[in-house]
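Each remark here refers to the structure printed beneath this line.
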Amino acid sequence: MRYSQYLLNTVKETPADAEVVSHKLMLRTGMIKKVAAGIYSYLPFGLRAIRKVEQIVREEMDRAGAIELHMPMVTPAELWEESGRWQQYGKELLRLKDRKDGGFCLGPTHEEVITDIVRREVKSYRQLPLNLYQIQTKFRDEIRPRFGLMRGREFIMKDAYSFDTDDAGADAAYEKMYQAYRRVFQRCGLKFRAVEADSGAIGGSFSHEFMVLAESGEDAIVSCDSCEYAANVEKAELKAPAGVAPTAAADVSEVATPNQKTIEDVAVFLKLEPSQLVKTLLVETDEEEVVAVLLRGDRELNPIKLANLLGSNCVEMASEETVLKVTGAPVGFAGPVGLKVRILADHEIGTMGNFVVGGNAADLHLAGVNHGRDFNVEQFADLREAEAGDDCPRCNGKLEIWRGIEVGHVFKLGTKYSAAMNAVVLDDQGKERTLIMGCYGIGIGRTVAAAIEQNNDDNGIIWPLPIAPFQVLITLVNPKDEEVCKAGEQIYTDLQQAGVEVLLDDRDERPGSKFKDADLIGLPLRITVGARGLKEGSVELQWRKDGERRMLPLESAVEDMLKLVREGMQD
RNA sequence: CGGGGCGUAGCGCAGUCUGGUAGCGCACCUGCUUCGGGAGCAGGGGGUCGGAGGUUCAAAUCCUCUCGCCCCGACCA
């Protein structure tokens, strides 16, 4: 491609509403253009990167035995009513009416549609196992789209769905996808972790997320420093600490704590460490039950663990009014002694004694409190959020915390949709069996964003070779110089004929601007053709990665480049 | 949905308080010079000041309503 005939407008200034580096760089390089909140056009340069990732995904899906199809983006309400998600899905599901007033929605995911296809097409166990995938535009009316392609409302996703008659088959399908995902992200040149995840509202028995490690990631993940354990913090299990509560000492004593509402305040006020306090959180379930949860003062509640324990869809912190009603005190002074609601406690509380809690009255705390004697805990459980340095739940290692961008998610779904939608086949005994499903997603645009997030410097993007929009950039320092032009064009043509994707910067611009643009758009390999080098019969090769330059003899330049591209693609 | 902020040229912004010729930088077009790390000079094009209504001799500026966007929070396969 000739730059002079291409649409690739770069911008020096960073658009004001970009927060994260990948968004900034995608805007500055004109990869994407916002059309509405969370909705983008992919301009040619951006589209090329998207296509690269799509192609890698396609190849790995095919290799794993999945088959590509394409489903509609607009899907009828009936299917969603059948699975129950027409009601369950909130405002994220963008609902529409057609001219005949029929209900439709823009597909945020396609379990219903695929299940409908398979129940119609597949009648016999002999047609299984089956794994079908598509690469398609999805729409989720996110409350707050942000970070460019990282969290859009409209986005490109690869979604695959597996169908099996038994658990062993379903597990094998899951494992195949898990391995395919590892290959995809490896091939994209990304540093990532596959972590255990909460399976959330989509249901199902187990699930892994593929996280690209990046500071700007929206998720926190833990990984063990000595074994393979890795999990989303939402899911990260924690061992119950060893040890028993110390013997209860003196009686409970009341301590005046005027206006000391937070754990920090109280700890400073009483000259104690936050870890010597116990905090009492009042939460409300979606069935409007209020529950008290006890945690060590310096710990954070993991609401997902609590929701799972309570078998509730979601739990929320109780409102100020509720707290006042239940404890008789304003927020900040809740404590377990004398409370009339269910009391749950994190395992750690079991090893604590003679601690400080809220006094259920304004400006009052209680010291020397012990569970069992002063109040009863209904159940001890793993309820707190993992922190760096916590013990690994699987071995003797310690947990580290990373931030990650979720680029892929694999779920074992089980029969949630097949049962609701009556997707069954006959087995070899002629008996009906409900299909066991798995679903597997990859955010294509998000993967591109994550790649940029992970590969950039002050000057711009540093594309990993396998997903770079072009593999090579040839810069003609002065396109008006006949020699320069001739040499550059020759290399350009030869490389293209050898199948290399080349961008030829033949623009009549000053060299300085061209070099700046070259850094910004970040193509991995760069050849600079200038009069200076040509005098010695050579051109300059530079890697964007490390800036390392060396001269290549004109005669062997094409050959040398071909070798580098091939080697680079195999990494 | 709660709190905060912003809508003026393609992008980044000033002008709004205190009403009176719509401005600056980048980008774009023309010419000359320049040419291996975002050149200089000269000239030029581009705006219903988010929209509607109102106040006024006069509104980007004041008032009312409305739409959109951004940030923080809650939420999230």
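The chains referred to below are lettered A, B, ... by the order of the sequence lines, with proteins before strands, and numbering in each begins at 1. Atom set for the values below is all heavy atoms of this structure, side chains included, hydrogens, waters and symmetry mates excluded.
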Would you indicate what [X] reaches in the nucleic acid, counting non-hydrogen atoms under 4.0 angstrom: base, sugar-phosphate, or nothing?
X        : result
A:Asp517 : base
A:Glu13  : base
A:Asp17  : sugar-phosphate
A:Glu19  : sugar-phosphate
A:Lys34  : sugar-phosphate

[N]: pairing nucleotide in any strand, Watson-Crick or G-U under 3.5 angstrom:
N     : value
B:A42 : B:U30
B:C49 : none
B:G19 : none

Looking only at atom [atom1], what distance separates [N] and [M], rounded to whole Å?
N     : M     : atom1 : result
B:C35 : B:G40 : P     : 14 Å
B:C26 : B:U64 : P     : 39 Å
B:C72 : B:C63 : C1'   : 30 Å
B:U56 : B:U61 : C1'   : 13 Å
B:A52 : B:G7  : C1'   : 16 Å
B:A42 : B:C24 : P     : 14 Å
B:G3  : B:U18 : C1'   : 31 Å
B:G47 : B:G23 : P     : 13 Å

Between the side-chain atoms of A:Glu540 and the base atoms of B:G36, is any donor-acceptor pair under 3.5 Å? yes

Taking donor-acceptor contacts at under 3.5 Å, does the side chain of A:Arg144 reach the base of B:C76? no

Sub-3.5 Å donor-acceptor pair from the side chain of A:Asn302 to the main-chain atoms of A:Val233, do we have one? yes

Between A:Arg446 and A:Met150, is there a donor-acceptor pair closer than 3.5 Å when you use the side chain of the first and the backbone of the second? yes

Exercise: do A:His208 and A:Tyr174 side chains pair donor with acceptor under 3.5 Å: yes

Assess whether a salt bridge exists between [X] and [Y], defined as any Lys/Arg side-chain N lying under 4.0 Å from an Asp/Glu carboxylate O.
X        : Y        : result
A:Glu142 : A:Arg151 : yes
A:Asp219 : A:Arg403 : no
A:Asp167 : A:Lys412 : yes

Examine B:A39: is either OP1 or OP2 under 4.0 Å from a nitrogen or oxygen in the side chain of A:Arg510? Give yes or no. yes

Distance check needed: B:C70 P versus A:Leu27 CG, whole Å only. 12 Å

Identify, between A:Gly530 and A:Lys91, the residue whose nearest nucleotide on RNA chain B lies closer to the 5' end. A:Lys91

Return the 5'-most residue of the pair A:Ile442, A:Ala531 with respect to RNA chain B, ranking by each residue's nearest nucleotide. A:Ala531

